[in-house]
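Data block below; observations after.
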There are 2 protein chains.
Amino acid sequence: MSGRGGGEAARPSLETVAERAGVSRQTVSNVLNSPQLVRPETIARVRAAIEETGYRPHRAARTLRTRRSHLIAARMHAPVDGINGAVLDSFLHALTSRAEQRDYRVLLYTAEDDAQEIAAYDELLSDFDLDAFVLANTHRNDARTTWLAEHGAPFVTFGRPWGVEASHGWVDVDGAAGVYDATRHLIRRGHRRIAFVGWPEGSGVGDDRRSGWRSACAEENLDVSGLTRSVEDSLATGRAAGAELLNASCAPTAIVCVSDSLALGVWTEITARGLTPGADVAVIGFDDTPTAAVIGMSSVAQPVGDIAEASLDLLTQALDGAPGGSAAAKQLLLPPSLVVRASS
Amino acid sequence: MSGRGGGEAARPSLETVAERAGVSRQTVSNVLNSPQLVRPETIARVRAAIEETGYRPHRAARTLRTRRSHLIAARMHAPVDGINGAVLDSFLHALTSRAEQRDYRVLLYTAEDDAQEIAAYDELLSDFDLDAFVLANTHRNDARTTWLAEHGAPFVTFGRPWGVEASHGWVDVDGAAGVYDATRHLIRRGHRRIAFVGWPEGSGVGDDRRSGWRSACAEENLDVSGLTRSVEDSLATGRAAGAELLNASCAPTAIVCVSDSLALGVWTEITARGLTPGADVAVIGFDDTPTAAVIGMSSVAQPVGDIAEASLDLLTQALDGAPGGSAAAKQLLLPPSLVVRASS
DNA sequence: ATGAAAGCGCTAACAC
DNA sequence: GTGTTAGCGCTTTCAT
């Protein structure tokens with residue numbers, strides 16, 4: 001740690017610039033925030049003075065006056081099994097870099113459940129004048145969106161509102177389509193007995209993804225009886241589900257999973273039996289995590305950059321004022337893409 | 001996105017609290033910031049008034065006055081191969097949650113090289129009054145620390161200053177000790193030909209880790225000739241290095257790697273030959289990434305939480321004033337720990 | 001199109 | 001130990 005007190009030059013203020021340009025402080029502010037009110041030649045003079053003095057507006061002062069911090073809050077998720085968290089990490093990176101381009105910054109917070117997260121909103125909103133919130137992992141009965149809406153705080157969610165009608169802006173990935181594509185891919189490769197390992201019924205995301213498998217199979221009149229499992233998300237449960245499926249009298253030749261965690265569990269079971277994923281039993285996961293890439297497992301990838309971009313579009317549209325009636329869609333469903341590797 | 005304008009109650013200010021408690025604004029401020037100056041009974045009265053009104057101080061106002069934002073900047077790293085980034089992610093999470101406990105928040109920025117990162121510091125410092133910076137991945141000729149020191153900005157690094165004498169605060173993990181432990185572990189298991197796959201000479205971190213392997217082998221008079229490789233960090237290069245080693249006339253029975261990426265590359269080569277990591281050839285990586293955990297690969301783990309904690313200790317010590325002469329060490333080398341799994 | 005006055009909410013400096 | 005005064009740097013009226 002280095003202490004304070006290096007040789008800084010005195011920080012130029014609006015005043016300095018105004019004097020130098022021979023205008024009032026106010027005019028400088030207008031050049032910055034409402035240039036259309038200022039005559040072009042004045043603008044030029046002021047711009048020159050800004051350049052010469054190296055003036056930079058001070059955020060805290062602006063925030064105090066306008067109640068806008070130019071800060072967007074995002075949650076830093078705890079590394080769980082470390083597998084699925086990878087998607088949120090790259091989403092966060094995309095969000096940060098794209099926010100910078102729009103003159104916003106991302107402020108982090110942590111929380112262990114919805115209640116803690118709401119407490120964080122409360123503090124962020126009233127203490128720091130946070131401009132907006134980006135939520136991930138929406139789920140049924142999501143208290144967070146309700147709270148934010150009630151408090152009039154702008155927000156977007158990465159994930160649809162599940163089980164409720166909600167009018168807030170959201171961006172999501174079409175999980176059903178992703179799993180549908182994965183299943184179609186397997187069908188094209190000649191598979192007829194394709195299993196699905198998903199999460200227990202009731203999770204919006206999980207049910208949605210499962211439906212993609214079901215409809216792809218239905219289209220081809222494939223028999224799916226006994227070919228689905230519902231388990232919590234982990235390697236161990238995935239492996240057990242895989243074992244069950246492979247032990248059945250009519251074992252599947254391909255297994256699609258709702259997540260990479262489960263898929264890796266299945267993968268582990270396959271290799272433990274001396275079989276080769278892809279050659280003997282095909283496996284496809286969901287999220288295209290680094291681990292999947294490393295071991296060569298096919299997986300459905302979410303377009304993280306596009307999600308971040310779209311989220312910010314929605315946000316800045318609301319924050320910086322949508323010109324006109326703001327007819328733009330406030331809900332967006334993006335298509336994922338299947339990354340085919342050796343395992344399928 | 002939900003718009004602004006929900007039914008907020010009017011925000012209570014210091015004034016409100018002061019009136020209610022029958023004191024001046026200043027006294028309320030003192031209760032909050034310098035309670036030792038206020039008589040206990042006054043404190044109690046003010047605290048009660050704060051409670052009743054639900055008053056919360058406004059950061060922007062305080063920042064404007066004190067030039068302290070209570071914000072700490074950290075870089076959001078781009079997901080590279082997705083393997084090694086995992087350590088920084090959990091470090092960032094630990095940093096965020098621990099900073100919250102000390103009434104600091106973490107603000108993100110992105111950068112693609114040192115120059116961009118310095119530009120970010122500049123903006124963050126003068127526009128947002130950032131209080132401090134946390135840097136990771138220190139390297140030789142690190143322009144960032146020089147810049148920060150010159151500008152008098154408080155900072156800590158996760159990583160030693162390599163190749164220079166520097167007096168700034170840092171926290172690092174003893175990589176040499178980690179690799180030494182890993183090698184010792186292999187020796188205890190009976191291995192006599194232990195190879196090391198590292199990075200090209202010149203990277204401080206890489207050379208340091210390699211030295212741990214060298215000294216453990218030297219202690220036991222093990223022959224290490226032809227048993228080390230220096231390659232860039234990736235799966236492919238790791239795999240190639242592994243192949244070379246295994247093809248040699250006197251192939252090693254165990255391979256220690258400077259990173260999990262390289263170790264996974266070696267792992268891939270081993271399994272591709274129909275061999276089993278651990279049973280046939282032992283492999284140990286570095287960083288204990290999620291992928292390592294998933295596939296059951298031994299790896300050296302960095303104590304991320306402790307690093308975050310220590311970094312903040314150093315920072316807050318400098319920011320909030322170290323009482324007394326601040327005799328506490330400003331440099332800290334933490335021991336990593338070997339996580340033994342099936343691969344060794 | 002530009003300028004003057006006022007004030008956002010807080011704390012440092014000083015008086016009492 | 002507590003109150004008073006002033007001002008951080010900016011933008012929002014409103015007057016010109």
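Here the structure is a predicted model, which means the values were calculated and not measured. Residue numbers begin at 1 in each chain, while the letters A, B, ... track the order of the sequences.
- Residue B:H58 contributes atom NE2, which lies 18 Å from atom P of C:dG7 at whole-angstrom precision.
- Residue B:Y104 forms a side chain to side chain contact (heavy atoms under 4.5 Å, CB included) with just one option from B:L71, B:T316, B:L312, and that option is B:T316.
- Separating the CZ atom of B:R67 from the C1' atom of D:dG9 is a distance of 8 Å, rounded to the nearest angstrom.
- At the phosphate of C:dT11, neither OP1 nor OP2 sits under 4.0 Å from any side-chain N or O atom of B:R68.
- Among the nucleotides C:dA4, D:dC10, C:dG9, the one closest to the side chain of A:S24 is C:dA4.
- Distance CZ (A:R56) to C1' (D:dC10): 16 Å, rounded to an integer number of Å.
- Under 4.0 Å is where a charged nitrogen must lie from a carboxylate oxygen, and between A:D122 and B:R56 at least one such pair does.
- At least one side-chain nitrogen or oxygen of A:T42 sits closer than 4.0 Å to the OP1 or OP2 atom of C:dT2.
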Could you list all N or O pairs between the protein and nucleotides 12-15 of chain D that sit under 3.5 Å apart?
unit_1	atom_1	unit_2	atom_2	d
D:dT12	O4	A:Q26	OE1	2.8

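- In this structure, B:W147 and B:Y121 have tilted ring planes: the angle between them lies in the 30° to 60° band.
- Under a 4.0 Å N-O distance rule, the pair B:E19/B:R25 does not qualify as a salt bridge.
- Counting heavy atoms from C-beta outward, A:D127 and B:H58 have side chains that stay 4.5 Å or more apart.
- With rounding to the nearest 0.5 Å, the separation of CG in A:L148 from CG in A:L125 is 8.0 Å.
- Using a 4.0 Å heavy-atom distance criterion, A:T63 is classed as making no nucleic acid contact.
- In the displayed structure, A:Q36 atom CD is contacted under 6.0 Å by more than 12 heavy atoms of other residues, nucleotides or ligands.
- Within the helix from C:dA1-D:dT16 to C:dC16-D:dG1, the inter-axis angle between the opening and closing five-pair segments is 30°, rounded to 10°.
- More than 12 heavy atoms of other residues, nucleotides or ligands lie within 6.0 Å of CG in A:D113, so this atom counts as buried by the packing criterion.
- Classification of A:R68 and A:D320 as a salt-bridged pair holds, one side-chain N sitting under 4.0 Å from a carboxylate O.
- The side chain of B:R62 places an N or O atom within less than 4.0 Å of a non-bridging phosphate oxygen (OP1 or OP2) of C:dT11.
- For B:R45 and B:L64, each mapped to the nucleotide of DNA chain D holding its nearest heavy atom, the one lying further toward the 5' end belongs to B:R45.
- Salt bridge A:D131/A:R67: absent, no basic N to carboxylate O contact under 4.0 Å.
- Regarding A:R11, its CZ atom lies at a distance of 7 Å from the P atom of D:dG9, rounded to whole Å.
- Between A:E41 and A:R25, it is A:E41 whose nearest contact on DNA chain C lies nearer the 5' terminus.
- In this structure, B:L14 places its CG atom 15 Å from C1' of D:dT4, rounding to the nearest Å.
- Residue B:L37 contributes atom CG, which lies 10 Å from atom P of D:dT2 at whole-angstrom precision.
- Summarising the geometry, the separation between CZ on A:R59 and C1' on C:dC8 is reported as 18 Å, rounded to the nearest angstrom.
- In this structure, A:Q36 atom CD and C:dT2 atom P are separated by 13 Å, rounded to whole Å.
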